[in-house]
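Computed from a prediction, not measured in an experiment: that's the story for all the values here. Below, all heavy atoms of this structure are taken into account, side chains as well, without hydrogens, waters or symmetry copies. Below, read A as the first sequence line, B as the second, and so on, with proteins coming before strands; counting in each chain starts at 1.
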2 protein chains.
Amino acid sequence: MNTILTTSAEENYLKAIFKVAEKEPGPVLTNALAAAMGTSAASATDMLKRLSDKQLVAYEKYRGVTLTEAGSQLATALIRKHRLWEVFLVDKLGFAWDEVHDFAEQLEHVQGEHLTERLDEFLGHPRFDPHGDPIPDAQGRWIRRPQARLATLAPGQRGVVTGVDDHSSAFLQYLDELGIGLGVEIILIERTPYDQSTKVSIGAGESILSEKVCQNLFVRIM
Amino acid sequence: MNTILTTSAEENYLKAIFKVAEKEPGPVLTNALAAAMGTSAASATDMLKRLSDKQLVAYEKYRGVTLTEAGSQLATALIRKHRLWEVFLVDKLGFAWDEVHDFAEQLEHVQGEHLTERLDEFLGHPRFDPHGDPIPDAQGRWIRRPQARLATLAPGQRGVVTGVDDHSSAFLQYLDELGIGLGVEIILIERTPYDQSTKVSIGAGESILSEKVCQNLFVRIM
DNA sequence: TTTTATTTTTAGACTAGACTAAAAATATTT
DNA sequence: AAATATTTTTAGTCTAGTCTAAAAATAAAA
Ligand SMILES: [Mn+2]
Ligand SMILES: [Mn+2]
Ligand SMILES: [Mn+2]
Ligand SMILES: [Mn+2]
């Protein structure tokens with residue numbers, strides 16, 4: 001029951017380890033972590049020693065790192081906080097989905113009793129954030145939704161947008177221009193063999209989406 | 001128009017300088033600042049050099065420190081953010097007035113465009129925080145209210161509670177027990193010459209308030 | 001106007017978190 | 001199995017922010 005004190009830097013590393021491990025199963029390598037954090041490999045090694053001392057990661061020299069149960073819970077709580085704040089910023093303060101990440105990156109580190117649960121309640125227990133990512137509950141349980149990349153759909157199939165893989169402002173703003181957002185229905189018309197660009201129907205109009213766009217869009221197939 | 005980058009530590013010192021200067025006019029002395037910050041005088045001196053380099057304070061060795069225009073604006077913006085977040089925590093998340101200070105102490109340091117203005121708008125442009133303290137507007141303008149310490153009222157006078165001088169949890173919770181909060185009307189019945197303790201009428205009942213309590217309560221005389 | 005007391009600054013040390021450059025370990029080729 | 005390439009760690013340095021102890025400046029008292 002004794003709560004481990006963590007700095008913002010430590011928390012950011014824990015989250016990064018969690019996210020890298022999510023994509024590539026197995027231990028997270030130092031270079032991958034450093035790349036995810038935008039720091040040098042030396043800095044990552046340094047931090048891994050600190051996190052290891054605090055029992056938040058299992059770290060073996062030259063072999064990579066995995067989160068301990070405590071580390072995993074902390075990372076999950078961080079992601080929960082990050083995503084709840086994003087919902088607040090979009091739903092309550094009226095920010096666009098491409099504007100909220102940097103704020104949430106700071107807000108997720110605010111410490112104190114009950115804040116997250118009060119926020120969660122105020123927001124009506126949202127289960128997904130403004131980018132369609134699931135928000136783990138207070139016990140750290142995740143919701144899994146069946147979803148597929150738009151790139152995997154065949155002509156004639158339809159899907160409802162449930163999320164994005166690329167969270168960059170550039171991508172999100174481009175989607176806005178295309179009229180694509182969470183819940184929007186997309187009908188796949190045809191795919192060009194040459195470059196896999198795809199003609200789709202969105203609401204009233206039609207658009208051509210590059211392969212890159214189709215790879216970064218998640219849909220629920222209808 | 002070039003925005004000065006500040007750390008949380010620098011911001012906390014700026015706010016402390018502002019607040020000490022508010023109480024005691026004239027330059028803020030190193031020891032007073034260190035006491036307000038809960039750090040050593042050596043640490044305060046160190047920080048004063050940094051703030052002076054950034055042109056946020058005018059610091060003269062052994063003579064004390066005053067905020068520059070830039071420093072004063074920054075401190076005011078900090079106080080604005082702190083108090084707006086307190087309103088959010090009480091009005092929207094349902095925290096009690098004695099629970100929000102530590103959260104606001106962190107939230108005031110969240111950086112980014114438009115956040116404060118969006119929050120202000122969401123909250124309906126509140127002009128006072130949950131402790132009755134004025135919230136400066138986006139231009140840094142302050143509202144001054146005529147108010148007096150309850151200790152200065154004479155028997156027979158009545159006042160409406162507008163604020164507190166002591167912001168401690170202990171004091172605020174004691175006020176809760178007494179049924180005293182912002183907007184509550186207090187009628188002064190009599191004051192004992194011996195220790196200045198004061199019999200008052202609050203709503204239905206009567207209470208005896210110590211001199212300390214009366215000194216820390218602000219009222220608008222009716 | 002000295003002496004003494006108080007306040008403030010400096011000096012030196014520590015931690016967290018970053019960096020670069022060099023060394024060591026591991027992985028891949030030949 | 002050596003040689004080479006890649007990855008990771010170590011060594012050394014830097015900054016922000018803190019501390020304690022000592023020195024210096026200012027204020028108060030004798
Ligand atoms: Mn963060
Ligand atoms: Mn998100
Ligand atoms: Mn603060
Ligand atoms: Mn307040």
Classify the ring geometry of B:Phe103 against B:Phe95: parallel below 30°, tilted from 30° to 60°, perpendicular beyond 60°. tilted
Applying ring-ring contact (aromatic ring centres under 6.0 Å, His included) as the test, list every pair that has at least one member in residues 28-73 of chain A; sequence neighbours left out. none
Over 12 foreign heavy atoms within 6.0 Å of CD, B:Gln196: yes
Separation between CD (B:Gln106) and CG (A:Leu107), nearest 0.5 Å, reads 10.5 Å
Can you measure from NZ (A:Lys15) to CE (A:Met37) and round to the nearest 0.5 angstrom? 9.0 Å
Short question: side chain of B:Arg83, backbone of B:Ala104 - any donor-acceptor pair under 3.5 Å? no
Using only atom types and a distance under 3.5 Å, with no angle test, would you say the side chain of B:Thr7 pairs donor to acceptor with the backbone of B:Glu10? yes
Readout for nucleotides 7-20 of chain C: B = base within 4.0 Å of protein heavy atom, S = sugar-phosphate only, - = neither; 5' to 3' it is SBBB-----SBSBB
At a heavy-atom distance below 4.0 Å, what parts of residues 104-111 of chain B sit against DNA chain D? none
